[in-house]
Structures are given as structure tokens and as C-alpha cells.
Amino acid sequence: MELTEGAPAPDIQLQTDSCEPFSLSDHRGRKVVLYFYPRASTPGCTTEACEFRDAGDELDVRGALVVGISPDSTEAQARFKRAQHLRFPLLADVDKQAAQAYGVWKEKNMYGKKFWGVERTTFVIDEDGRIAKIFRKVKPKGHAAEVLQTL
């Protein structure tokens, strides 16, 4: 079942890039920009992460916490975070539990080959834990500015 705007955001409990536990429900009372990306340290994912990094001050002013999620390990997330000087947590969804809960683990087709992976998607979650906005099939360039316009 596909999630819709206005629906409660599924709670997730994953490890951060620093191996700390992260639970979405612990951040009620604050806006959360939850963005799913296919793989750390790839060109599109780097563009998207760096745009969120560069918009950090503006996101802070609007009271939003940015959280990135991919199926990478905590070690891969930590390397990516260090290399790109990211200030927000990256979550390791190795078992794809969060991706499945949010409906972004999809069959994809590239150059005629089918495979399963994360469809780049962002969820803006409001202070009450509801999905305020969904951005599907995100294009990395310019996405952070697009998200800022909705906050």
C-alpha cells in the first residue's frame, strides 16, 4: 500500500552512521525531512546530500531535521558523511525495512536489466508525525531548494 500525504509516518528504528540508535518517533514535535537515496558515494546521491548540507542553516531556521536513509552499512554511511562533511544523520537500512515500510523499495529497470533498489523519494514529516509532503522520483539537482519551499 502506497503512503499518502496526511497519513501517519511509519516509525523507523535504525542505526546512524555513528552506530547510535535512531527512532523517528523520538523526533515528534519537530519537522523531519526523511530522504531515501539508492547508494552512498554515488554521483546523484552525493549531489542530493551536498545540497541538503548547503541548505543546513535555512533548514535549521525552519526547524527541520534532515535524515538520509539508504541500504548501505553504517561504515559506508560514515565514510560518505565524512567525505562530504554532512551535518545530519545517515541511517543504515541494510535489511530494507524502512524502504519497504515507506514503499520506496521498488523493481527498477536500467539498460534493459531489472533489479530491486531504492526509488529516490523524500518525505516531509510534520511535528505530529504525519506525512506533510511526498516527493517521488526525485531529481537530485535542485531538490533541497524544492523541499525548503514546502517547509
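For the single chain, residues carry numbers from 1 onward in sequence order. Everything numeric in this text was worked out from a predicted model, so none of it was measured.
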Given V33 and F123, is the side-chain contact (heavy atoms from CB on, under 4.5 Å) satisfied, shown in steps?
-> CA-CA 6 Å; V33 175; F123 297 84; over 6 Å; no
Does the pair I134 and T122 meet the rule for a side-chain contact (heavy atoms from CB on, under 4.5 Å), with working shown?
-> CA-CA 6 Å; I134 303 172; T122 299; over 6 Å; no
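In this structure, a donor-acceptor pair under 3.5 Å is present between the side chains of S73 and E75.
Between the side chain of K114 and the backbone N or O of G112, no donor-acceptor pair lies under 3.5 Å. A donor-acceptor pair is defined here as one N or O able to donate and one able to accept, closer than 3.5 Å; such a pair exists between the side chain of E51 and the backbone of G142. Between the side chain of D126 and the backbone N or O of R130, at least one donor-acceptor pair lies under 3.5 Å. E48 places no side-chain N or O within 3.5 Å of a backbone atom of K141 that could act as its donor or acceptor partner. The backbone N or O of L3 sits nowhere less than 3.5 Å from a side-chain atom of Y102 that would complete a donor-acceptor pair. Although no hydrogens or angles enter the test, the distance criterion places no donor-acceptor pair under 3.5 Å between the side chain of T42 and the main chain of G44. A donor-acceptor contact shorter than 3.5 Å links the side chain of Q77 to the backbone of L91. Panel note: side chain D57, backbone V61; no donor-acceptor pair is recorded below 3.5 Å.
Cluster annotation: F36 and F135 are assigned to distinct hydrophobic clusters (Ile/Leu/Val/Met/Phe/Trp/Tyr, side-chain heavy-atom contacts under 4.5 Å, transitive). Linking ILVMFWY residues whenever their side-chain heavy atoms come closer than 4.5 Å, directly or via other members, places V32 and V118 in the same cluster. In the hydrophobic cluster analysis, where Ile, Leu, Val, Met, Phe, Trp and Tyr join through side-chain heavy atoms closer than 4.5 angstrom, I131 is grouped together with W105.
For the salt bridge (charged side-chain N to carboxylate O under 4.0 Å, His left out) test with D17, the passing option among K81, R87, R79 is K81; the others fail. Of the options K133, E58, R62, a side chain to side chain contact (heavy atoms under 4.5 Å, CB included) to L151 is made by R62 and by none of the others. Each of F52, Y35, Y37 was evaluated against H143; a single residue qualifies, F52, per the ring-ring contact (aromatic ring centres under 6.0 Å, His included) test. Of the options I12, L14, V67, L65, a side chain to side chain contact (heavy atoms under 4.5 Å, CB included) to L24 is made by I12 and by none of the others.
What you find for D93 and A99 is that their closest heavy atoms are OD2-N, 2.8 Å. Nearest heavy atom pair, residue P38 against residue P71, reads O-CD, 3.5 Å. Taking every heavy atom of both residues into account, R30 and G63 meet most closely at CG-O, 3.2 Å.
Taking CG from L59 and CZ from R53, the interatomic distance works out to 13.0 Å, rounded to the nearest 0.5 Å. Note: I69 CD1 to L34 CG = 4.0 Å, rounded to the nearest 0.5 Å. For the atom pair CD of Q15 and CZ of F22, the computed distance is 13.0 Å after rounding to the nearest 0.5 Å. Taken from CZ in R39 to OG in S70, the straight-line distance is 9.5 Å, to the nearest 0.5 Å.
The pair R28-D11 fails the salt-bridge criterion, with no side-chain N (NZ, NE, NH1 or NH2) lying under 4.0 Å from an Asp/Glu carboxylate O. Using a cutoff of 4.0 Å between basic side-chain nitrogens and carboxylate oxygens, K108 and E119 are not scored as salt-bridged.
By the 6.0 Å contact criterion, NZ on K139 is open, its count of non-hydrogen atoms from other residues, nucleotides or ligands being 12 or less.
With a 4.5 Å cut-off on side-chain heavy atoms, K31 and E127 count as touching. Between P140 and C45 there is no side-chain heavy-atom pair separated by less than 4.5 Å.
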